[in-house]
Protein chains: 2
Amino acid sequence: MLSDRIAAHGANPAMIFAALGDRTRLSLLTRLSDGQARSIAGLSADTDITRQAVTKHLRVLEEAGLVKSMRIGRESQFAFKPEPFVELRAYLDSVSRQWDDALSRLRTFVED
Amino acid sequence: MLSDRIAAHGANPAMIFAALGDRTRLSLLTRLSDGQARSIAGLSADTDITRQAVTKHLRVLEEAGLVKSMRIGRESQFAFKPEPFVELRAYLDSVSRQWDDALSRLRTFVED
DNA sequence: CATATCGGCAACCTCCTGGTTGCCCTTTAC
DNA sequence: GTAAAGGGCAACCAGGAGGTTGCCGATATG
């Protein structure tokens with residue numbers, strides 16, 4: 001099952017949220033979300049931080065399952081992985097649903 | 001406008017994600033998402049951390065706009081605020097859309 | 001009024017995070 | 001084969017995050 005592989009990677013919602021909770025990582029991920037895999041050097045070119053810093057961010061994204069990497073020759077290519085977004089949306093939906101239910105209960109109570 | 005008030009509070013997506021990127025805060029928020037406002041003492045009762053720690057987490061959630069507080073007598077009540085969830089969902093959607101577009105472009109390219 | 005309850009403030013501690021630098025190994029390019 | 005490019009590893013650093021304790025002010029409660 002899909003969620004098993006995610007869980008096996010240890011990526012709970014909090015981990016995924018935490019991985020997204022950084023401007024730099026968010027921008028890296030947004031850039032990768034066009035489906036094109038990019039090398040570390042390629043991703044570092046447009047930023048003002050070091051290649052090493054970019055590498056660390058990419059590792060965080062990878063451990064959260066938001067990105068996958070593969071070594072090709074001397075470069076390692078990083079690619080977007082959409083699966084955790086499903087997880088996240090499910091979480092947001094569950095919270096929103098509980099909220100909406102509370103609202104509608106309140107409404108029926110008031111209307112009584 | 002709604003997003004203005006959010007922006008005025010300084011809550012960009014990264015901030016909101018960061019606020020959600022902690023197990024304790026996530027659980028506090030989930031508990032509050034039933035629509036019932038709770039006092040700090042009430043929220044601290046079910047946790048194993050200090051009331052002070054809970055207070056700090058609540059402040060983080062409040063600055064991210066995920067929660068609002070009001071002082072009533074000697075207690076301060078914290079209540080769930082759904083607005084940032086809209087913001088978040090919009091962000092997730094934008095990334096997903098870009099991803100889907102990339103996929104469909106790839107598909108038409110392959111089919112050519 | 002005396003006392004418990006609720007909560008703010010401040011200091012402090014530890015560990016993690018984001019970032020840097022230096023060095024070295026491997027792979028490509030000339 | 002030599003040089004340049006890509007990237008890993010490790011050490012290091014400053015600051016922030018999560019948490020604690022101690023104390024004190026204000027509000028309810030008997």
Side-chain angles (χ1 to χ4, degrees), chain A residues 9-32 36-80 84, chain B residues 9-32 36-80 84:
Chain A
H9 234 277
N12 48 62
M15 270 194 66
I16 307 178
F17 280 129
L20 297 175
D22 179 283
R23 285 190 160 284
T24 307
R25 282 197 291 271
L26 220 45
S27 113
L28 285 174
L29 199 66
T30 305
R31 285 209 274 154
L32 285 175
Q36 275 213 335
R38 286 170 179 82
S39 71
I40 297 180
L43 286 167
S44 305
D46 303 329
T47 68
D48 49 351
I49 60 177
T50 324
R51 171 181 56 84
Q52 288 301 329
V54 173
T55 300
K56 286 192 186 179
H57 283 303
L58 288 173
R59 297 275 169 247
V60 173
L61 288 174
E62 189 172 19
E63 284 182 15
L66 288 159
V67 123
K68 64 169 178 282
S69 71
M70 49 180 173
R71 189 80 187 237
I72 299 181
R74 72 175 160 183
E75 338 188 292
S76 53
Q77 298 283 103
F78 282 81
F80 182 75
Chain B
H9 234 277
N12 47 61
M15 269 194 65
I16 307 178
F17 280 130
L20 296 175
D22 179 283
R23 286 188 159 284
T24 307
R25 282 196 292 270
L26 220 45
S27 114
L28 285 173
L29 199 67
T30 305
R31 286 209 272 154
L32 285 175
Q36 277 214 332
R38 288 170 178 80
S39 71
I40 297 180
L43 286 168
S44 305
D46 303 330
T47 69
D48 49 350
I49 61 177
T50 323
R51 172 181 55 85
Q52 287 301 330
V54 172
T55 300
K56 286 193 186 177
H57 283 302
L58 288 172
R59 297 272 170 252
V60 173
L61 288 174
E62 189 172 19
E63 285 182 15
L66 288 159
V67 123
K68 65 168 178 284
S69 72
M70 49 181 171
R71 189 83 186 232
I72 299 181
R74 72 176 159 180
E75 348 189 284
S76 54
Q77 299 283 99
F78 282 81
F80 182 77

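Just so it is clear: chains get the letters A, B, ... in the order the sequence lines come, proteins before strands, and each one is counted from 1.
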Looking only at heavy atoms, which two atoms of A64(A) and P84(A) are closest? And how far apart? O-CG, 3.8 Å
Extract, from 5' to 3' on DNA chain D, the first and final nucleotides lying under 4.0 angstrom from some heavy atom of chain B. dG18(D) to dA28(D)
Where the side chain of R25(B) meets the backbone of A19(B), is there a donor-acceptor pair that is under 3.5 Å apart? yes
Option from L32(B), L28(B), L29(B) for which side chain to side chain contact (heavy atoms under 4.5 Å, CB included) with L66(B) holds: L29(B)
Calculate, to the nearest 0.5 Å, the distance between atoms CE and CG belonging to M15(A) and D22(B) respectively. 13.0 Å
Is any side-chain N or O of H57(A) closer than 4.0 Å to OP1 or OP2 of dT17(C)? no
Counting the atoms with a prime plus P, OP1 and OP2 as sugar-phosphate, which does A53(B) contact under 4.0 Å by heavy atoms, base, sugar-phosphate, or nothing? base
Mapping Q77(A) and Q52(B) to their closest nucleotides on DNA chain D, which lands nearer the 5' end? Q77(A)
Counting distance alone, no hydrogens or angles: does the base of dG7(C) have a donor or acceptor under 3.5 Å from a partner atom on the side chain of R71(B)? no
Whole angstrom value for the distance that separates C1' of dT17(C) from CG of D22(B): 14 Å
Hey, which of these two, I72(A) or T50(A), hits DNA chain C nearer its 5' end, going by closest nucleotide? T50(A)
Within the 4.0 Å heavy-atom criterion, would you say R59(B) contacts the bases, only the backbone, or no part of the nucleic acid? sugar-phosphate
Minimum-distance nucleotide (side-chain atoms of E75(B) versus dG7(C), dG18(C), dG8(C)): dG7(C)
Sole candidate of L58(A), T55(A), V54(A) that passes side chain to side chain contact (heavy atoms under 4.5 Å, CB included) when paired with F78(A): L58(A)
Looking at R74(B) and dT5(C), is any side-chain donor or acceptor paired with a base atom of the opposite kind under 3.5 Å? yes
Both T24(A) and S39(B) contact DNA chain C. Taking the nearest nucleotide for each, which residue is further toward the 5' end? S39(B)
Please round to the nearest 0.5 Å and tell me the distance separating atom CG of L43(B) and atom NE2 of H57(B). 12.0 Å
